[in-house]
Each structure stands twice: as structure tokens, then as C-alpha cells.
Trainee: 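First the structure, which I've put down as C-alpha cells, then a few questions once you've had a look.
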Number of protein chains: 2
Amino acid sequence: MDGIDSELRYRVQVLDRALDVLDCFTFTERELSLAEIVRKTGLNKTTIKRILSNLTRRKYLHQDPGTKKYRLGLRLFELGGIVFSSFSLRKAADHYMEYFRDKTGATVLMGTVMEDQLVYIDKREGHSLIRISSEIGWRRPLNYGMLGMVLLAYRDTRYVKKILGAYPLKPYTRNSIIDEGQFFTRLEEIRKRGYVIEREEAVEGIIGIAAPIKDYTEKTVAALGIALPIGQDKTGDLFNALANELKKACENISSNMGFKKKDSHTR
Amino acid sequence: MDGIDSELRYRVQVLDRALDVLDCFTFTERELSLAEIVRKTGLNKTTIKRILSNLTRRKYLHQDPGTKKYRLGLRLFELGGIVFSSFSLRKAADHYMEYFRDKTGATVLMGTVMEDQLVYIDKREGHSLIRISSEIGWRRPLNYGMLGMVLLAYRDTRYVKKILGAYPLKPYTRNSIIDEGQFFTRLEEIRKRGYVIEREEAVEGIIGIAAPIKDYTEKTVAALGIALPIGQDKTGDLFNALANELKKACENISSNMGFKKKDSHTR
DNA sequence: TAACTGTGGTTCATTATATGAAACTTTAAA
DNA sequence: TTTAAAGTTTCATATAATGAACCACAGTTA
């Protein structure tokens with residue numbers, strides 16, 4: 001892609017290292033001690049201590065006075081909130097996300113493309129016992145699951161090829177599409193129907209239904225999806241009905257975002 | 001408070017400056033050019049350029065290829081998401097927040113205390129035309145509005161005095177309490193009733209109803225509030241009924257958080 | 001209770017590394 | 001076409017980051 005070493009000439013060592021420190025914290029590793037960070041980064045203890053002191057003073061980290069361990073701080077929550085609030089899509093989709101969550105009891109997710117990756121920008125968690133693991137802010141390859149497929153379906157072939165080159169199709173489950181030809185057929189199908197129904201292709205036991213959201217530029221700017229536990233709906237009629245309803249909802253959201261549907265006779 | 005210059009001995013200049021750069025971005029100023037950042041920070045152009053390059057490379061900032069302007073990046077959204085997801089209260093309160101939003105059509109807010117300040121950790125935006133301005137992640141003085149009062153009501157007097165010392169009561173509206181004695185009476189009243197009804201004390205035209213959430217430590221860990229547009233309810237009966245319902249809801253959330261109500265005869 | 005091990009915290013001489021003035025290159029306005 | 005302002009790059013300079021070595025403490029082992 002563009003610039004493997006983009007602007008490495010301007011590299012600032014300490015800053016880079018400080019960001020390495022922040023990178024140590026993840027959804028699963030929320031609390032780290034100085035020593036743990038030293039091990040993870042391989043940097044000198046003093047350097048880490050200095051960086052930690054600074055980040056803590058500026059509230060980018062928070063130190064538990066008792067255990068001395070560090071957590072990500074309030075400032076990151078604030079800055080993240082600024083980014084979060086800038087997704088105007090969220091407001092437009094809010095009502096529908098709740099509607100589908102309440103109707104199905106399942107988890108509803110919204111995702112968009114950022115830097116050639118799928119990013120979850122909002123979700124409504126379902127009440128069901130079967131949960132899919134997903135958090136706002138998580139990134140996935142753009143060819144992953146219902147949202148990825150919808151987002152790719154409306155991009156040109158060159159772009160899709162580029163993505164598949166960078167992130168080859170992986171067998172997440174036994175139903176996952178791993179053949180590129182099949183994948184392109186699938187995208188074609190999404191464009192034709194205006195939605196996707198994905199049966200345990202990303203997560204075992206989960207059926208995904210998703211549709212695209214477009215804005216005034218007529219580009220697909222996001223995808224909205226419902227992650228249902230696989231169930232009793234043998235014929236699939238319920239899923240089809242739900243998919244159509246979701247498609248309608250996404251069309252409404254799209255028109256709120258300024259999308260004007262072309263007259264069908266205009267081609 | 002604690003350590004005006006906490007650990008300034010370990011100060012790392014570049015890092016501090018890089019964080020100054022991030023501080024330039026706010027909810028209202030989302031996009032900045034290099035020159036604007038230079039003006040805001042007063043630092044040398046080259047230094048800023050170096051810092052921007054690094055932060056951009058690491059996705060803490062994002063540069064618009066067209067306008068060359070910078071925005072806060074995806075990485076901050078991710079890191080913020082990690083902090084956001086760590087508030088388990090959010091999950092416990094989710095259902096009730098939506099319930100009250102749908103019932104009243106007003107905005108529902110949840111706040112907690114962080115570093116002696118009130119921080120909004122979740123919200124459900126109402127459908128009403130009259131909106132209060134509040135974003136997840138925003139901070140306010142702990143004596144501000146319905147959430148602040150509830151959070152302070154269950155703290156000891158010394159702490160409240162300390163907060164009032166640091167942030168004197170301000171006349172946000174003509175109804176705001178600015179007298180400390182009155183303020184303490186108010187807190188007393190909140191403890192007695194178990195909720196607060198605040199009439200245009202924080203925002204003109206808005207009535208706030210809020211109640212405390214406690215956890216297994218029996219401490220008040222958060223407050224949940226509804227911001228209603230001032231209306232036709234002359235007698236206040238509807239507000240009282242709503243307040244009681246909110247109080248009940250918060251008791252339920254509290255018991256989900258492990259709070260065990262003491263038997264009343266135990267005192 | 002002494003030796004050991006793994007923490008966090010501190011000092012300070014050394015030089016690698018951040019710095020900023022100045023020059024250069026766009027881009028935008030006049 | 002000139003002027004101005006923004007963005008970019010270079011490079012000599014010394015400042016500011018570095019990390020080995022050391023201290024202090026707590027918990028564990030012998």
C-alpha cells in the first residue's frame with residue numbers, strides 16, 4: 001500500500017515509544033504494571049517510567065494508587081468521544097438500531113470503512129444468551145462477515161482485489177467463503193438484492209443480515225447488520241422478511257443522509 | 001489538591017508537546033491545519049510538523065489528503081472505546097436508559113465521578129426539539145446540575161467542602177443555587193428523598209430528575225438523570241411520579257451492581 | 001533472619017536526539 | 001505576475017532523552 005515507511009524521516013523516538021506504551025493496552029489487557037510494560041516493549045525501565053509519568057500526569061493513563069498498575073485514562077475517553085461524536089451516521093441510524101434490537105432481541109451493529117478496514121462505529125447489544133464479541137472501535141478485515149461484504153459490494157473490482165490481496169479470505173467457520181470467485185458472485189448478489197443474508201460464515205451459530213447506507217455522494221458510507229442466533233426458521237422466510245425490512249430502514253437512513261434514489265427508468 | 005507539579009521532574013519535552021497538540025482538538029474545533037496548531041501552541045513550525053507526522057503515522061491523527069488539515073484519528077477512537085467498554089455500569093443501566101428516553105422523549109444521561117469531576121459516561125438522546133448540550137466524555141464541576149448534586153449528596157461533608165472550594169457555585173441560570181448553606185440543605189433533601197428534582201438550575205428551560213446508583217461497596221458510583229423540557233406539568237405531580245419510578249429503576253440497577261439494601265430497622 | 005527475587009523509584013555522565021532558524025516549494029489570493 | 005501565506009526540507013547546535021547502575025522495599029525461600 002502507500003508508504004511502508006511513510007515519513008519515517010521525521011521519526012521522534014520518545015513519542016513513538018510513548019505510543020508503543022499505549023499500544024500495550026487492549027480490550028483484554030486493561031491493567032498493566034511498569035514491569036509488564038517493560039517486558040512487552042523491550043524498552044529500558046527508566047524510559048518507560050518517564051513515559052508513564054508523563055502520560056499519567058496528562059491523564060492519558062491512570063495509575064491505581066494501591067496496586068500501582070496503570071489503566072488507559074480519562075483523556076483518551078474524552079478524545080475518543082470527540083471522534084465518536086463526529087460520526088453523524090450514528091444519529092441517523094440510532095432509532096432503527098434500537099428498533100431492530102428490540103424486535104429481534106439480537107445484537108445490531110453498524111460499521112464503516114476506515115483506512116481500508118471495517119470498523120464498528122456503533123452497536124446495540126441483544127438480550128440473547130448467545131453473544132457475538134464485538135466492541136465499538138474494533139477493526140476487522142474488510143472482507144469479514146456481513147458488514148464487510150456489504151461495504152465491499154459497492155466498491156469497484158480493483159479495490160476489492162486490492163483488499164483481498166492484503167487480507168486473503170480466511171475460513172473463520174466451515175461455511176466461510178474462501179474462494180475469490182465465489183466471493184465476487186456474492187458481492188454481485190448483494191448489489192442485486194440490496195442486502196446480504198450470511199449463514200454462519202463469520203461466527204459459528206450466528207446468521208447475519210445486513211444492508212448498505214448511502215449518503216448524498218451516492219457512495220456506500222456504512223453498513224447496518226443484525227446478528228441473529230441460528231434458530232428455528234427452517235424455511236428462511238422470516239429472515240427474508242427481516243432482510244427486506246432492514247433494507248427499507250437503511251434506505252430511510254440513506255435519504256436522511258442526503259441520498260437521492262435514482263428513478264428506475266433513468267437506469 | 002495533590003501535586004500541582006506532580007512528577008514534573010520526569011517531564012519529557014516532546015511528549016508533553018505532542019499531547020499539547022492533541023489538546024488543540026475539541027468537540028467544536030475538529031479540523032486544524034499545521035499553521036493553526038502552530039498558532040495555538042506557540043511552538044516552532046518544524047517541531048509541530050515532526051509531531052504531526054508521527055501522530056499521523058500512528059493513526060492518532062488523520063490528515064485529509066485534499067485540505068491537508070488534521071483530525072483526531074481512528075486510534076484515539078479505539079483507545080477511547082477500550083475505556084468506554086470498561087464502564088460496566090453502562091450495561092446494567094442500558095435498558096432503563098432507553099426505557100426512560102422512550103417514555104419521556106427526553107434525554108437521559110449517566111454520569112460518574114472521575115478525578116473530582118462529573119463525567120458523562122453514557123446518554124440516550126431525546127427526540128424533543130429542545131436539546132441539552134452534552135456529549136459522552138464531557139466533564140463538568142461536581143456541583144453542576146442534577147447529576148453532580150446526586151453524586152455529591154452521598155459524599156461526606158469534608159469532600160463536598162473541598163469541591164466547593166475548588167469550584168465555587170456559579171449562577172448558570174437565575175435559579176442556580178449559589179449559597180453554600182442552601183446547597184447543603186439540598187443535598188440533605190436528596191438523601192432523604194432518594195432523588196432530586198432540579199428546576200432550571202443548570203440549564204434554562206430544562207427540568208432535571210436524577211437518582212443515585214450504588215454498588216456492592218454501598219458507595220454511590222453513578223447517577224442517572226432525565227433532562228425534561230419545562231412544560232405543562234403545573235402541579236409537578238407527573239414529575240414526582242417519574243422521579244419515584246426513576247428511583248426504583250436506579251435501585252434495580254444498584255442491586256445488579258451488587259448493592260444490598262440494608263434492612264430499615266437495622267438503621 | 002539472612003539471602004534472594006522481583007517490584008518501583010532515582011541518579012547522573014554521555015551522546016544520541018530533538019530543536020529551530022533559514023532556505024526552499026508549493027498553493028492561494030490579489 | 002507579484003505577493004503572501006502555508007507547507008516542506010535541511011542542517012549545525014546543544015539540549016534533552018537515555019540507560020547503566022544503584023537504592024529501597026516487600027514478599028518468598030532456605
Side-chain angles (χ1 to χ4, degrees), chain A residues 2-25 29-73, chain B residues 2-26 29-73 115:
Chain A
D2 58 285
I4 286 283
D5 59 354
S6 54
E7 297 303 354
L8 247 156
R9 140 182 49 178
Y10 287 124
R11 181 159 184 273
V12 177
Q13 198 183 58
V14 230
L15 181 48
D16 225 28
R17 288 175 166 183
L19 303 187
D20 287 340
V21 167
L22 290 179
D23 282 349
C24 293
F25 296 87
E29 291 208 83
R30 289 210 164 87
E31 279 212 338
L32 295 170
S33 66
L34 190 153
E36 285 170 315
I37 296 168
V38 167
R39 278 192 292 273
K40 278 190 162 242
T41 57
L43 296 173
N44 184 284
K45 189 171 52 156
T46 314
T47 303
I48 296 293
K49 166 77 171 130
R50 256 196 312 268
I51 290 170
L52 289 176
S53 287
N54 276 268
L55 291 175
T56 304
R57 183 166 45 79
R58 299 293 292 256
K59 310 254 197 284
Y60 283 71
L61 290 177
H62 176 84
Q63 186 175 26
D64 185 309
T67 65
K68 299 266 172 188
K69 288 201 169 194
Y70 295 86
R71 287 189 278 107
L72 294 178
Chain B
D2 59 285
I4 287 284
D5 59 354
S6 54
E7 298 302 355
L8 245 154
R9 138 181 53 172
Y10 287 122
R11 180 156 184 276
V12 177
Q13 196 184 60
V14 229
L15 182 47
D16 225 29
R17 289 175 166 185
L19 302 188
D20 286 340
V21 167
L22 290 180
D23 282 349
C24 293
F25 296 87
T26 65
E29 291 208 83
R30 290 211 163 86
E31 279 211 337
L32 295 169
S33 66
L34 190 153
E36 285 170 316
I37 296 169
V38 167
R39 279 192 291 272
K40 277 189 163 242
T41 58
L43 297 173
N44 183 285
K45 193 167 48 156
T46 314
T47 303
I48 296 294
K49 168 80 169 121
R50 257 198 311 270
I51 290 171
L52 290 175
S53 287
N54 276 269
L55 291 175
T56 305
R57 184 166 43 80
R58 299 293 292 257
K59 311 252 196 285
Y60 283 71
L61 290 177
H62 176 85
Q63 186 175 27
D64 186 309
T67 64
K68 298 263 172 192
K69 289 200 168 193
Y70 295 86
R71 287 189 277 108
L72 294 177
E115 290 150 351

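Sequence lines set the chain letters: A, B, ... in the order given, protein chains first and strands last, and positions in each chain run from 1.
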Trainee: Show your reasoning for whether side chain to side chain contact (heavy atoms under 4.5 Å, CB included) applies to A:L55 and B:L19.
Mentor: CA-CA 9 Å; A:L55 291 175; B:L19 302 188; 4.2 Å; yes
Trainee: I want to check one thing: is the phosphate of C:dG9, taken as OP1 and OP2, less than 4.0 Å away from some side-chain N or O of A:K49?
Mentor: yes
Trainee: Is the distance from OP1 or OP2 of D:dT18 to the nearest side-chain N or O of A:Q13 less than 4.0 Å?
Mentor: yes
Trainee: Provide, to the nearest angstrom, the distance between the OH atom belonging to A:Y10 and the P atom belonging to C:dG20.
Mentor: 15 Å
Trainee: What's the CZ-C1' distance between A:R50 and D:dA16, to the nearest Å?
Mentor: 9 Å
Trainee: Report the distance from atom CD1 of A:I48 to atom P of D:dG19, rounded to the nearest whole Å.
Mentor: 10 Å
Trainee: Can you measure A:R17 atom CZ to D:dA17 atom P for me and round it to whole angstrom units?
Mentor: 12 Å
Trainee: Hey, are the side chains of B:V38 and B:L34 touching, using non-hydrogen atoms and a 4.5 Å cut-off?
Mentor: yes
Trainee: May I ask you to list the residues of residues 29-36 of chain A, by number, that have any heavy atom positioned under 4.0 Å from an atom of DNA chain C?
Mentor: A:S33, A:L34, A:A35
Trainee: Once you round it to whole Å, what is the distance between P of D:dT18 and CG of A:N54?
Mentor: 11 Å
Trainee: Are B:T26 and B:E29 close enough that a side-chain donor and a side-chain acceptor fall under 3.5 Å?
Mentor: no
Trainee: Would you call A:L22 and B:Y60 a side-chain contact if the rule is heavy atoms closer than 4.5 Å?
Mentor: yes
Trainee: Quickly work out the B:I51 CD1 to C:dT19 P distance and round it to whole Å.
Mentor: 6 Å
Trainee: Find the distance A:K69:NZ to C:dG8:C1' and express it as a whole number of Å.
Mentor: 13 Å
Trainee: Do any of residues 37-47 of chain B sit with a heavy atom less than 4.0 Å from DNA chain D, and if so which?
Mentor: B:R39, B:K45, B:T46
Trainee: Determine the sole option in B:K69, B:K68, B:R71 for which the salt bridge (Lys or Arg N to Asp or Glu O under 4.0 Å) test with B:E31 is passed.
Mentor: B:R71
Trainee: Heavy-atom distance under 4.5 Å between the side chains of B:V12 and A:L15, does that happen here?
Mentor: no
Trainee: Below 4.5 Å, heavy atoms only, C-beta onward: do B:R11 and B:D16 meet side chain to side chain?
Mentor: yes
Trainee: So A:F25 and A:L61, do their side chains get closer than 4.5 Å, heavy atoms only?
Mentor: yes
Trainee: Does the pair B:K40/B:D23 count as a salt bridge with the N-to-O cut at 4.0 Å?
Mentor: no
Trainee: For B:V14 and A:K68, take the nucleotide of DNA chain C holding the closest heavy atom to each; which residue's nucleotide lies nearer the 5' end?
Mentor: A:K68
Trainee: Rounded to whole Å, please give me the gap between CZ in B:R11 and P in C:dA18.
Mentor: 15 Å
Trainee: Give a yes or no answer on whether the side chain of A:N54 reaches the backbone of B:Y10 with a donor-acceptor pair at less than 3.5 Å.
Mentor: yes
Trainee: Are any of the side-chain heavy atoms of A:I48 and A:R39 separated by less than 4.5 Å?
Mentor: no
Trainee: Quick one: bend of the helix from C:dT1-D:dA30 to C:dA30-D:dT1 from 5 pairs per end, to 10°?
Mentor: 40°
